[in-house]
Engineer: 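One structure, as structure tokens, below. Some questions next.
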Amino acid sequence: MQKKAVSVGIIGFGTVGTGTAKILLKKRRDIERKLGFPVFLKNIADINTKRERGIKLPEGVLINDPEALLNDPDIDIVVELIGGIHPAKEIILKALRNGKHVVTANKALLAETGREIFKAAEKNRVEIGFEAAVAGSIPIIKIVRESLIGNSISNIYGIINGTANYILTKMTEEAVDFKTALKEAQALGYAEADPTFDIEGIDSAHKLTILASLAFGIPFSFKKIYTEGITGITPLDIQFASEFGYRIKLLAIAKQTGKEIELRVHPTMIPEDDLISGVNGVFNAIYVEGDAIGPALYYGKGAGGMPTGSAVISDIMDIARNIKTGAVEGLHGINLPGISDLKIKKMEEIRTGYYLRFSAIDKPGVLSGISGILGSHNISIKSMIQKGRKKEKAVPVVMMTHEAREKDMVRALKQINRLSIVSGRTMYLRVEGEEI
Ligand code: HSE
């Protein structure tokens, strides 16, 4: 006799919804063989039931009313793939209230309102799967929450936004400016029509919120993450970085220093022989350091219908297994309000190496003026390049510093930017990944 199926309803039939449905339908037999019982795609709800998505659904599966799906007593797992805060939040809360397990790829919703959502799941003793919310094909949620449970993690950082990484790769390989690279990313469908979240680092900060909570047991801290995007990066900085032996990448960093956690997203210079420097295009990579495993690096596609759909399926399968064994009880590994007493470090207190690009008039005493101010703020220069010679006109002067405190750097640059020999604001980037 065939064992009773676990029934799934998907809300949102976009790129990830289509990828998920394709896997569920195509791999139906395979999934049944692996689980020992079938998983049945009962409905997909979307406001647009007409658009061609390159997939043939069985008659009656596609509906336009999410309420029907949320109120259907046959559906065990609701998969939310519409994204954004509203109405995704109301839909998820209703699904939880109705006793349904939820799978979501919605990093913005979890990062910004996760506490409420996870509380509701615990109250209703149902599960929330969110593997698809971070880094698509890299099962980093499972890795941090389950596979590395025997480790104390001291450091987790990486490239977790494919769009920004595509743009920086394009700027590096083809020496084009930010705007040109962004246009190309949009034409290829990598960046949204409104790419703000990707290029301003917000999407990375959403994902970092989730990773840091799992890795360090801290509450969701999205608002406390220092977030800086890539819109100010110029081909000139990429070229200088390369002359010093570095690449520029948008990194999301969660690092324990003493009793504090640094949480920051910003463009970062990394030595070009570091493995993360070789992560190009829309790929993601996440570095984790644990006391038992030492350093580990995970690499794969961070976006797209099929890689993200694959992560959704893994959550559906886990929950389906737990439904069958009766092991579901709101276990999601997020600590409410957090079991750790680690504090978030103030950005001004972080210590890192810096890349500085000044626009300075090329005349005697300029360098001593700049280096004098840096020295008076405890900032020590490691190396320097000056290009070109234009009397009375500004030329770029570029310096790499040893480790310094952010607060000292900000103060020193304020003073330097006021010098009459310096024109325009000084560009500065933080450096990671080596002894500095
Ligand atoms: N906008 C995201 C990215 C998609 O570019 O990585 C997946 O979260």
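Heavy-atom basis, side chains included; hydrogens, waters and symmetry copies ignored. One-based numbering, in listed order, for ligands and for the atoms of each.
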Engineer: If the cut-off is 4.0 Å to any non-hydrogen atom of Lys207, which atoms of ligand 1 fall inside it?
Structural biologist: 2 (C), 6 (O), 7 (C), 8 (O)
Engineer: Do any nitrogen or oxygen atoms of Thr163 come within less than 3.5 Å of a nitrogen or oxygen of ligand 1?
Structural biologist: yes
Engineer: Considering only heavy atoms, which of Thr15, Asn161, Val16 lies nearest to atom 3 (C) of ligand 1?
Structural biologist: Asn161
Engineer: Can you sort out the partners of Glu173 under salt bridge (charged side-chain N to carboxylate O under 4.0 Å, His left out), two or more places apart, ordered by chain and number?
Structural biologist: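 Here no residue qualifies.
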Engineer: For the residue pair Phe118 and Phe220, is the inter-centroid distance of their aromatic rings smaller than 6.0 Å?
Structural biologist: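 Phe118 vs Phe220: aromatic centres under 6.0 Å.
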Engineer: So that I can tick it off, tell me whether Glu272 and Arg247 are bridged by a salt bridge, with the cut-off set at under 4.0 angstrom between side-chain N and carboxylate O.
Structural biologist: yes
Engineer: Using a 4.0 Å cutoff against the non-hydrogen atoms of Gly162, which atoms of ligand 1 qualify?
Structural biologist: 3 (C), 5 (O), 6 (O)
Engineer: Answer yes or no: are there more than 12 heavy-atom neighbours, outside Arg51 itself, under 6.0 Å from its atom CZ?
Structural biologist: yes
Engineer: In terms of side-chain geometry, is the basic nitrogen of Glu406 or Arg430 positioned less than 4.0 Å from the acidic oxygen of its partner?
Structural biologist: yes
Engineer: Restricting to pairs with a member in residues 61-76, which pass side chain to side chain donor-acceptor pair (under 3.5 Å), not counting sequence neighbours?
Structural biologist: Lys42-Asp72, Lys42-Asp74, Glu67-Lys94, Asn71-Asn98
Engineer: Taking 4.0 angstrom as the limit and counting only heavy atoms of Gly302, give me the atoms of ligand 1 inside it, by number and element.
Structural biologist: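 Those atoms are 7 (C).
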Engineer: What are the atoms of ligand 1, with element, lying closer than 4.0 Å to any heavy atom of Ala303?
Structural biologist: 4 (C), 7 (C)
Engineer: Number the atoms of ligand 1 from 1 as they appear, then name those within less than 4.0 Å of a heavy atom of Asp203, with their elements.
Structural biologist: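 With Asp203 as reference, the close atoms of ligand 1 come out as 2 (C).
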